[in-house]
There are 2 protein chains.
Amino acid sequence: MQNNEKIALANCERKLRDAQATKRKLINSALLAFSTQGYDASSTRGIETVAGVKRGLINYHFGSKKALWKAAAEHLMSTTERDLGSALADMKQIDEEQQLRFFIRSYVKFCARHPELNRLMIQEGMAHDWRLTWLLERSVRPWYEQVCRAFSRAAELGTAPKMDAHHFYYVLTGAATLIFSNAAEAAALSGKDPLGPETVDAHADVVADLLTSIRKPL
Amino acid sequence: MQNNEKIALANCERKLRDAQATKRKLINSALLAFSTQGYDASSTRGIETVAGVKRGLINYHFGSKKALWKAAAEHLMSTTERDLGSALADMKQIDEEQQLRFFIRSYVKFCARHPELNRLMIQEGMAHDWRLTWLLERSVRPWYEQVCRAFSRAAELGTAPKMDAHHFYYVLTGAATLIFSNAAEAAALSGKDPLGPETVDAHADVVADLLTSIRKPL
DNA sequence: TATATTACTTGTCGATTGGCAAGTTAAATG
DNA sequence: CATTTAACTTGCCAATCGACAAGTAATATA
């Protein structure tokens, strides 16, 4: 009896796990398509093919293309909050004068690990439809205010250059991410892999040097 | 006779001008669609509707969607070269130590006047297909080398911050353009028009201050 | 063992896509 | 005035789109 129950439970879990695996594969494939091609240019059939699953499973598991986009965006944003959140927790352990520099370097390295985040923001930031509204309320506005607060604290300490916080946000975001968002172009221009560890580290240093008014320690 | 000839010539020119007007309207509409929605998400029927012309005229005047893209991109790139070229000619008239600052401010203000340029580059810079190849050979590579040369000259004068030219290119381009490319998002976050003259001028100052190591004159 | 549920599969629908071809219209030409 | 040409118009085509519905197969439950 107990044995049968365990087997039944294991089967149930395996079945659930397989369904979760299908959803996970679809979300990863959707994220790739939506961030690089945009929402309208991404076909559900193409997303299913890249995910390696049968046609129709998007509508079965998510109900619609719109719901798939929301699930994929939610997955990306929660991943972002988890990864960047732990970096920001580490930040508070270090010397206050170095915090802005640490923040910027962490942000640049995160953007290199997840270029799909900024690609999606670029795709959806140009026109104001339901997807930009969703992104703004779900994560962009909180993140924007967090960056502005970090900048204001650094400005009080004198570790940030003098400028308006709004311009700082777009200078930081643009300077930090374009080389990764446009990796294909950057690779063709330089001959090097923009997402390789050396380039990422060098870029993080450049952006941090520019956007902090004190020099990095030896 | 001479009068008739003049009338005939005028009629001929009017006919030709109307055809040119149709092509111009289609190119402007195509540029808007391709830069904000991307190539695949832009429909030829939609482009014709926005242009206010009848269905079928894209294939009549350009032959195919691909040829329309090339014509629109060529128009944008020649406009860019003309506008930025005159700014760069003005640059050589001023004090050499102020040239990098003037260059950056001119570039930022141009990007605000023509956000479709950087939007198109972002759309096409993510994946390496025939459109990125076309853009690279037609204009990106020459412009990239021009920026790198301007940076190197400024570095010799000591007016540029110390960094690799490739990183300078992407820091400048990203910092200068994201606030305009993502104007819908930036407007929602700040409540102000990112393309308005005050915001553009403030942004040009911020980027120029950051990317030149000497202060602006009184 | 019979039934129900979950996960997946497949056929089909109406709408939209880019492109072609056979038109029409009007001005230019001889 | 007859003919040609340039500019535009429209009907149609195969392919693809998102979505739905009617399946199948395997597992869970009673």
Side-chain angles (χ1 to χ4, degrees), chain A residues 1-27 29-30 33-34 37-72 129-131, chain B residues 1-27 29-30 33-34 37-72 129-131:
Chain A
M1 273 302 192
Q2 280 195 343
N3 204 17
N4 282 342
E5 281 173 5
K6 281 184 182 176
I7 289 172
L9 188 62
N11 284 336
C12 174
E13 280 177 353
R14 175 145 42 92
K15 193 174 184 178
L16 289 174
R17 215 170 13 249
D18 288 345
Q20 289 303 111
T22 300
K23 292 175 81 170
R24 204 192 58 243
K25 282 188 279 185
L26 281 171
I27 282 182
S29 175
F34 288 146
Q37 305 166 214
Y39 181 80
D40 287 320
S42 301
S43 76
T44 54
R45 281 168 158 85
I47 290 170
E48 287 164 336
T49 301
V50 170
V53 304
K54 289 278 185 179
R55 208 205 70 203
L57 284 177
I58 283 179
N59 269 276
Y60 175 73
H61 282 293
F62 300 96
S64 69
K65 185 184 181 181
K66 183 173 179 174
L68 172 65
W69 185 91
K70 288 184 182 177
D129 58 6
W130 60 269
R131 298 188 298 280
Chain B
M1 271 302 191
Q2 280 196 340
N3 205 16
N4 281 343
E5 282 174 4
K6 281 184 181 176
I7 289 173
L9 189 60
N11 283 337
C12 175
E13 279 178 353
R14 176 144 45 91
K15 194 173 183 179
L16 288 174
R17 221 177 1 255
D18 288 346
Q20 289 304 111
T22 300
K23 292 176 78 170
R24 205 192 57 243
K25 283 188 279 185
L26 280 171
I27 281 182
S29 175
F34 288 147
Q37 305 166 213
Y39 181 80
D40 287 319
S42 302
S43 76
T44 54
R45 280 168 161 85
I47 290 170
E48 286 163 338
T49 301
V50 171
V53 304
K54 288 278 186 180
R55 209 206 70 200
L57 284 177
I58 283 179
N59 269 278
Y60 175 72
H61 282 293
F62 299 96
S64 68
K65 184 183 182 182
K66 182 172 179 173
L68 171 65
W69 185 91
K70 287 184 182 177
D129 58 6
W130 61 269
R131 298 188 298 279

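Bear in mind that the values here come from a model prediction, so they are computed numbers and not experimental data. Quick note on labels: first sequence line is chain A, next is B, and so on, each numbered from 1.
Geometric assessment of A:K70 against the ring of A:F62 yields a negative cation-pi assignment under the 6.0 Å and 45° thresholds.
The distance from atom NZ of B:K25 to atom P of D:dA7 is 14 Å, rounded to the nearest whole Å. Put simply, CD1 on A:I58 is 16 Å from C1' on C:dA7, counting in whole angstrom units. For the pair A:K54 NZ and C:dT9 P, the interatomic distance rounds to 6 Å; values are reported in whole Å. If you take CG of B:N59 and C1' of C:dT17, they are 12 Å apart, rounded to a whole angstrom. Put simply, CG on A:L57 is 6 Å from C1' on C:dC8, counting in whole angstrom units. A:D18 places its CG atom 21 Å from the P atom of C:dT5, with the value rounded to the nearest Å.
Summarising the geometry of B:A51 relative to B:L26, their closest heavy-atom pair is CB-CD2, 3.9 Å, with the distance given to 0.1 Å. B:K65 approaches B:S42 most closely through the heavy-atom pair NZ-O, 2.8 Å. The two residues A:A72 and A:I27 have their closest heavy-atom pair at CA-CG2, 4.0 Å. Nearest heavy atom pair, residue A:E48 against residue A:R55, reads OE1-CA, 3.3 Å.
Contacts with DNA chain C (heavy atom under 4.0 Å) in residues 42-53 of chain B: B:S42, B:S43, B:T44, B:R45, listed by number. Using a 4.0 Å cut-off on heavy atoms, the residues of residues 60-68 of chain B that approach DNA chain D are B:Y60, B:H61, listed by number.
Taking 4.5 Å as the limit, some side-chain heavy atom of A:V53 sits within range of a side-chain heavy atom of A:K25.
No hydrogens or angles were tested; on distance alone, nothing pairs the side chain of B:R55 with the base of C:dG18 as donor and acceptor under 3.5 Å.
For A:S29 (side chain) and A:I47 (main-chain N/O), a donor-acceptor pair under 3.5 Å exists by modelled atom type.
How far CH2 of A:W130 is from OH of A:Y39: 4.5 Å, rounded to the nearest 0.5 Å.
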